[in-house]
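Since the structure comes first, as structure tokens, the remarks are kept for the end.
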Amino acid sequence: MESGDYQPSVSEPKWQKKWNDAGIFITDVNNSKAKFYCLEMYPYPSGKMHMGHVRNYSIGDAVARYKRVQGFNVIYPMGFDSFGMPAENAAIAENKHPRDITERNIQSITKQIKRMGFSYDWNRQVKSHDENYYKWNQLFFLKFLEQGLAYRDFAPVNWCNDCSTVLANEQVKNGRCWRCSAEVEQKDMSQWFLKITDYAQDLLDDLEIIDFPEKVKLLQQDWLGRSEGALINFSIEKSKSSIDAFTTRPDTIFGVTFVTLAPEHPLCEELVLGTEFEEEWRILRDEVLTMSDFDREKVLKDKKGVFLGRYAINPISGERVPIYAGNFVLYGYGTGAVMAVPAHDQRDFEFAKRYGIQIKQVLAKNKGDKESEKLTGAFTGLGWMINSTEPGYDGKFGEDAKSTVINALEKLNKGKGMIQWKIRPWLISRQRYWGTPIPIIHCKSCGVVPVPISELPVLLPDDVEFTGHGNPLETSLTFTNVKCPDCGGDAKRETDTMDTFVDSSWYFLRFSDAQNYEKAFEKDIANYWMNVDFYCGGIEHAQMHLIYARFWTKALRDAGMHDIDEPFQRLLCQGMVNKPAPYCAPCNVTYNIKYSGSNCPTCNQKLGERSAKMSKSLGNTVSPEEMIERFGADTVRLFILFAAQPEAEMEWTDQGIHAAWKQINQLYKIPEMIFSWSEESNRIDDWLLAIAKKRYNQWKESMENVNLRSAVQIAHYDMIADLNWYSRRGGRNTKTGHRFLKIWAPMLQIATPHLAEEWWSMLGNQQLLAEYEISDLNTELNLDEKLIIAEETYLKGFLEQSRNVKQMALKHMDKRPTEIVIETSQTWKHRMAKIGLEVQFSGDSIKDAFNLIQKEVFWNDQAIREEASRLWKKKMLPQLFKWKPSQKEMILLDLDENKVLQNAALFISEELELQKIHILKAGEEEGVDSKSKFAFPLEPGVVFR
RNA sequence: GCUGGGGUACCCGAGUGGUCAAAGGGGCCGGACUUAAGAUCCGGUGGCGAAGCCUUCGUGGGUUCAAAUCCCACCCCCAGCACCA
């Protein structure tokens, strides 16, 4: 524990117990209140909470507490995404059961989370591996099966050897497994899929009605990958078969000079079987087939293909074009066949060059252009059709050209307009134990038979062996050997389990009615709480979890289970928590912190430092447990929320956490100080209450925008500065201080709820701050309040300016100054400023102001006229724009500068260490060293003597 | 290669035409308090200067009465995607 007045180890558990005993965070449906659903992505329960978690939950808790104090009925649940491979791998390593490991981890991480004092409704806790949870996965699966949304298919799938399971498309990154980074292979297997593709358009369209970061929306758009185009049917010469090719550019149909098939396309074999071309094709196909996606990408630059010895017929021009198999054509996208237009597609261009195929330009860049002499690359933009072999096409452009071709194809019955998606059905089966069993039975005579709903859940068996080889479920005889529900004969149970992303696809719905044992959730209750108003989590889930969950929500809606279109209304992706690690700039390598201060192991140059994501491998982690132990939860939260905006990366520094600790202690002592004050009142009391109101407004605005950093700055830093100013100006009224604290404490609680409760109780409140609602703070500032704030702001500015001048003056004087002569601006200067501002506010051109000024009486005085003219151009005009709104207000309200200064005369002389102070209007008492020419509105001329 | 986000003072970082020599924090310097240290408070922290001027927001140009902010080109960093027909 660090030394200080605030004792987190005593205070924090105390308040946590009180919150818990009072059940403040337990919520229920309440139709008389507006609801607010605040949620963080539920964590995978590793044994220890890390800083990323702490940051995530600190953000969510701040929002939840803010909404609560604003009078919302807030649901803020927490649970665990507790199925998944780490537990199973740990089970293999430790020779234990994944359930035991998971339960143990949940216990330990729950304790750590609770120590942070987050305001969760723990009654709603959801654990994926709980049979009362995963049984609904099984029910949904059976429903989807019934609706045709789930199906089984024998297809090439992504296989990760290290994880010994298949992966969904989204879970393969650069040809590698998203979890373990091993290379992913292709395998033909029977697998279960969900038709997320049916919802592609809906998922794309509804991106517009949700408030997600642009980055995430773009990622999802890319992933969905909508492309509009045409399906074109090429018949094959001397064959009954034909080739369907998808293209986004039907307007280039007359430029087709060959057709390319994916090497593994079944048509290839049919075309070459028994011909001289068969051998070469087989070599190419085998190369593609045996290659992992990862290797395939490496050889992408080398586009190659083989001629298949046959020709296809262009359905519109009737031209005869050769058919190739090409290694760059993906069997899985579109139809696995491409119509090649080398003049207008870069890839086809390269291929044609390599194999000496004709290149035929059919689009012109500019209207009326003829074809170019020599093409050095493909022209891929939209263009004007030329060189069409049929009438009625040349001269058409872009979308018009495309639809003309599509119409023609449709008339010929040789094609149609079509939309193609990149997203593929979601492969949900996994060959692992620690997940939801897929409720299916395989019967020799009846085939694939769903488990009857009445027999759910299909429980994970305990008599399994974790050997690290194969699916452990296959080792359980009690599990695999069953009777067929249809015929009663011997059958085998499906041993695949569901992708754990299934669990996270609807847990937020379960939270709304977590203790329902009859249903997954009650429709009305889900409709009351959903959707999630504020969702916070890592960006890494942008295209997996966040697409699956959106899909699942829509699918359940269409199954009639609720009426919600989108699960998450607003998404915030919090930034990473970084810490410096040794870094070698020349080698561009970041090293483990054990290399700190030494030389680069590779190039032997001195290592620098670089901020890097906290990771075990770099060793630059900070243990939240240790930090809480030393500084308490509030300090950790304050630091985290103040160090950076929620979305930005933040850097963990020892200095920073110490600074937060100092701040906490300073805050802690404030009520005590205020209670030691007196009854004595002062004009500055009004200022303190006015500024409190202003700060509250600023704070509220920041909170509404989830600009937590700025809210914390106001509540934990600016308000202290205000209180200091109040003191400096002679304020010491206990009552005023009390009122200030009452406004302040609720603002404090979003980052430091324990400290705020301490305050609240010191203020004599019986009720807990956590259940207090700010009822009616009249937030609009009235004229008096604005004025008094303006006056103090003026005074601060004046002091700053005078101090500056005093420093300069010192250099010109042989003794310390003892007097100050203050000359406030001439009336005519003030008049000019006011006219300028009025014109500015009216929205008229600022140049008009000068015309108006020339009509003023003072303009008749020649001496003034000359000075005013110069002043306007040089200083007044820019200054009109530089003034803060509050300063502009001072001028428009004719703030009496002399009076403000007079009232604060004593204060000014103390601050500037002077004995005498003369306050004049410029020109009133022209002395030898008068600085009245410097006097300007809000900036009096001052002379030190 | 494509897409998106960035480059701001000693460090972190706010800032999207005038409120900007540039918030806030850290560090550093000075002052008050103190036996001292710590904590706290006050002030300073580009240069020169009786209040103004000069230089500065990745680099170089441009628009404007006015540019960190808008436009063009270039350099560098980060993230995502990558033969998608």
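All values derive from a computational prediction rather than experimental measurement.
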If you only use heavy atoms from C-beta on, which nucleotide in C84(B), G44(B), A51(B) is closest to the side chain of Gln801(A)? A51(B)
Protein-nucleic acid N or O pairs under 3.5 Å, nucleotides 23-29 of chain B:
{"residue": "A23(B)", "atom": "N1", "partner": "Arg709(A)", "partner atom": "NH2", "Å": "3.2"}
{"residue": "G24(B)", "atom": "O4'", "partner": "Gln713(A)", "partner atom": "NE2", "Å": "3.3"}
{"residue": "G26(B)", "atom": "O2'", "partner": "Gln655(A)", "partner atom": "OE1", "Å": "2.5"}

Less than 3.5 Å apart, any donor N or O on the side chain of Lys829(A) or Gln826(A) sitting next to an acceptor on the other? yes
Could you please spell out the steps behind the side chain to side chain contact (heavy atoms under 4.5 Å, CB included) verdict for Glu939(A) and Gln801(A)? CA-CA 8 Å; Glu939(A) 294 169 33; Gln801(A) 179 203 1; 4.0 Å; yes
If I take atom CG in residue Leu231(A) and atom C1' in nucleotide A85(B), what distance separates them, rounded to the nearest angstrom? 12 Å
For atom NZ of Lys806(A) and atom C1' of G44(B), their distance in whole Å: 14 Å
Tell me: OH of Tyr668(A) to P of A39(B), nearest whole Å? 20 Å
Distance-only polar pair, side chains of Tyr333(A) and Ser227(A), donor-acceptor under 3.5 Å: yes
Could you tell me the separation between the NZ atom of Lys217(A) and the C1' atom of A79(B), rounded to a whole number of Å? 19 Å
Value in whole Å for how far the P atom of C41(B) lies from CG of Asn724(A): 6 Å
Counterpart residues, side-chain contact (heavy atoms from CB on, under 4.5 Å), relative to Pro425(A) (two or more places apart): Tyr151(A), Phe193(A), Thr197(A)
Just the rounded figure in Å: distance from P of G4(B) to CD of Gln221(A). 12 Å
Establish, for the pair Arg347(A) and Phe328(A), whether the NZ or CZ atom is under 6.0 angstrom from the six-membered ring centre and no further than 45 degrees off its axis. no
Separation between the P atoms of C75(B) and G60(B), rounded to whole Å: 15 Å
Roughly, in whole Å, what's the span from CZ in Arg347(A) to P in A82(B)? 15 Å
By side chain to side chain donor-acceptor pair (under 3.5 Å), which residues pair with Gln663(A), not counting sequence neighbours? none
